[in-house]
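Written below as structure tokens is the structure these notes are about.
Positions are given from 1 along the sequence.
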Amino acid sequence: MPTISIIVPVYKVEPYLQKCIDSILAQTFRDFELILVEDGSPDSCPAICDAAAAKDSRVRVIHQKNGGLSAARNAGLDAAKGEWIGFVDSDDYIAPEMYETLLRRIQKDGAQMAVCSYTYVDEAGRDLGRKSPITKEEVLDRVQAMDRLGGDRSWYYITAWNKLYQQELFKTVRFPVGKPHEDQYAAHRLYWQCEKISVVAKPLYYYVQRG
């Protein structure tokens, strides 16, 4: 069984998908499976996914009828075999050390989840200079984590994709299909199950702002 399952929902991201996949396959931590959930994309994304799986045995592809982001993430969760779960959006990319860093912090702290900072970048990869509220290494309990979910910069703590989760947290949690801001419906339910949440100040995820 892989240590980490990385779930990537895929729909209409042809110009960005290969960079996303490449950044995951370049992780310094190698014991993972990459689950590409191809959500009925009408472009060349299905072929890109299948080509990635043909080249690397860690890649698994799920082809399904379009159901939206939540349905794709949920399909990935249902298929995941890893002890830990990560999400990456298919038009973004990640630093090579992201999952190694998050897993080491979780192991050091005895935590059930890790959260890292992220960088807003444009399509050329240029840093857009937005300031992150995640500025120090710390360990939160569930109440402290819930307190971070309010305010205008709470998205760093709400978004699904700058985190590593113990798989057990998803036994009773799925993303709501058909609702916008689906992360918001799941974040508090995940935090509340944790005794400890590791916070990593280094930005390890690149959040692409598309034109």
Side-chain angles (χ1 to χ4, degrees), residues 1-25 27 32-94 98-99 102 113 115-116 118 123 155 157-191 204-210:
M1 296 293 182
T3 301
I4 300 174
S5 295
I6 303 167
I7 298 167
V8 178
V10 177
Y11 184 73
K12 282 189 176 179
V13 285
E14 184 178 329
Y16 313 97
L17 180 57
Q18 193 62 57
K19 183 172 185 177
C20 174
I21 292 171
D22 289 345
S23 74
I24 295 169
L25 296 180
Q27 290 296 291
F32 65 85
E33 62 174 354
L34 168 55
I35 303 175
L36 300 171
V37 185
E38 188 279 300
D39 194 39
S41 191
D43 53 12
S44 68
C45 285
I48 295 171
C49 291
D50 289 340
K55 290 178 183 174
D56 194 313
S57 62
R58 295 173 298 173
V59 181
R60 298 165 58 199
V61 183
I62 298 171
H63 295 286
Q64 65 181 32
K65 183 179 177 181
N66 180 249
L69 179 58
S70 288
R73 283 183 181 161
N74 292 341
L77 285 168
D78 291 341
K81 298 176 181 177
E83 302 168 54
W84 301 90
I85 301 289
F87 298 99
V88 179
D89 280 0
S90 50
D91 51 354
D92 299 330
Y93 56 98
I94 61 178
M98 177 169 167
Y99 285 113
L102 296 184
M113 188 195 305
V115 181
C116 69
Y118 55 87
E123 292 182 44
W155 277 108
Y157 294 95
I158 292 173
T159 53
W161 33 253
N162 61 327
K163 299 174 177 66
L164 186 62
Y165 310 82
Q166 190 177 55
Q167 190 193 42
E168 295 282 313
L169 303 179
F170 287 99
K171 278 196 169 179
T172 58
V173 177
R174 289 294 186 270
F175 294 95
V177 175
K179 291 187 181 290
H181 305 302
E182 69 292 327
D183 301 346
Q184 215 161 6
Y185 292 87
H188 64 288
R189 297 178 64 198
L190 295 165
Y191 281 128
L204 298 168
Y205 189 100
Y206 296 95
Y207 183 27
V208 178
Q209 305 299 287
R210 290 157 59 177

Check against side chain to side chain contact (heavy atoms under 4.5 Å, CB included), Arg73 and Asp39: CA-CA 10 Å; Arg73 283 183 181 161; Asp39 194 39; over 6 Å; no
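- With a 4.5 Å cut-off on side-chain heavy atoms, Val173 and Leu169 do not count as touching.
- The distance from atom CG of Leu102 to atom CG of Leu204, rounded to the nearest 0.5 Å, is 6.0 Å.
- At least one side-chain heavy atom of Glu123 sits under 4.5 Å from a side-chain heavy atom of Arg210.
- The side chain to side chain donor-acceptor pair (under 3.5 Å) check on Ser5 picks up Glu33, with sequence neighbours excluded.
- Looking only at side-chain heavy atoms (C-beta outward), Val88 and Tyr99 come within less than 4.5 Å of each other.
- Contact annotation: the side chain of Tyr157 never approaches that of Asn162 to less than 4.5 Å [non-hydrogen atoms, C-beta and beyond].
- Residue Asp89 holds its CG atom at 12.0 Å from CD1 of Ile7, rounded to the nearest 0.5 Å.
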Validation: residues 76-86 side-chain donor-acceptor distances under 3.5 Å, sequence neighbours left out:
residue	atom	partner	partner atom	Å
Asp78	OD1	Arg174	NE	3.2
Asp78	OD1	Arg174	NH2	2.9

Between Asn66 and Tyr11, does the side chain to side chain contact (heavy atoms under 4.5 Å, CB included) criterion hold? Intermediate values first, please. CA-CA 8 Å; Asn66 180 249; Tyr11 184 73; 3.4 Å; yes
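- Under the rule for a side chain to side chain donor-acceptor pair (under 3.5 Å), the partners of Tyr205 that lie at least two apart in sequence or sit in another chain are Asp92.
- For Tyr118, the ring pair (Phe, Tyr, Trp, His ring centres under 6.0 Å) partners two or more places apart in sequence, or in a different chain, are Tyr120, Tyr156, Trp161, Tyr207.
- Applying the salt bridge (charged side-chain N to carboxylate O under 4.0 Å, His left out) rule to Lys171 yields the partners Glu168; only residues at least two apart in sequence or on another chain are considered.
- Between Phe170 and Tyr165, the ring centre distance stays below 6.0 Å.
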One pair to check against side chain to side chain contact (heavy atoms under 4.5 Å, CB included): Leu36 and Ser90. What are the steps and the verdict? CA-CA 9 Å; Leu36 300 171; Ser90 50; over 6 Å; no
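- The shortest distance between side-chain heavy atoms of Gln27 and Ile94 falls below 4.5 Å.
- Within the 4.5 Å cutoff, no side-chain heavy atoms of Lys12 are placed close to those of Cys45.
- Evaluation of the side chain to side chain donor-acceptor pair (under 3.5 Å) rule for Ser70 yields no partner, not counting sequence neighbours.
- Shown here for Phe87 and Ala160, the closest heavy-atom pair between the two residues is CD1-O, 3.8 Å.
- The closest side-chain heavy-atom distance from Val10 to Val61 is not below 4.5 Å.
- Using cut-offs of 30° and 60° for the angle between ring planes, the Trp155 and His181 rings count as tilted.
- The side-chain heavy atoms of Ser41 and Val13, taken from C-beta on, include no pair separated by under 4.5 Å.
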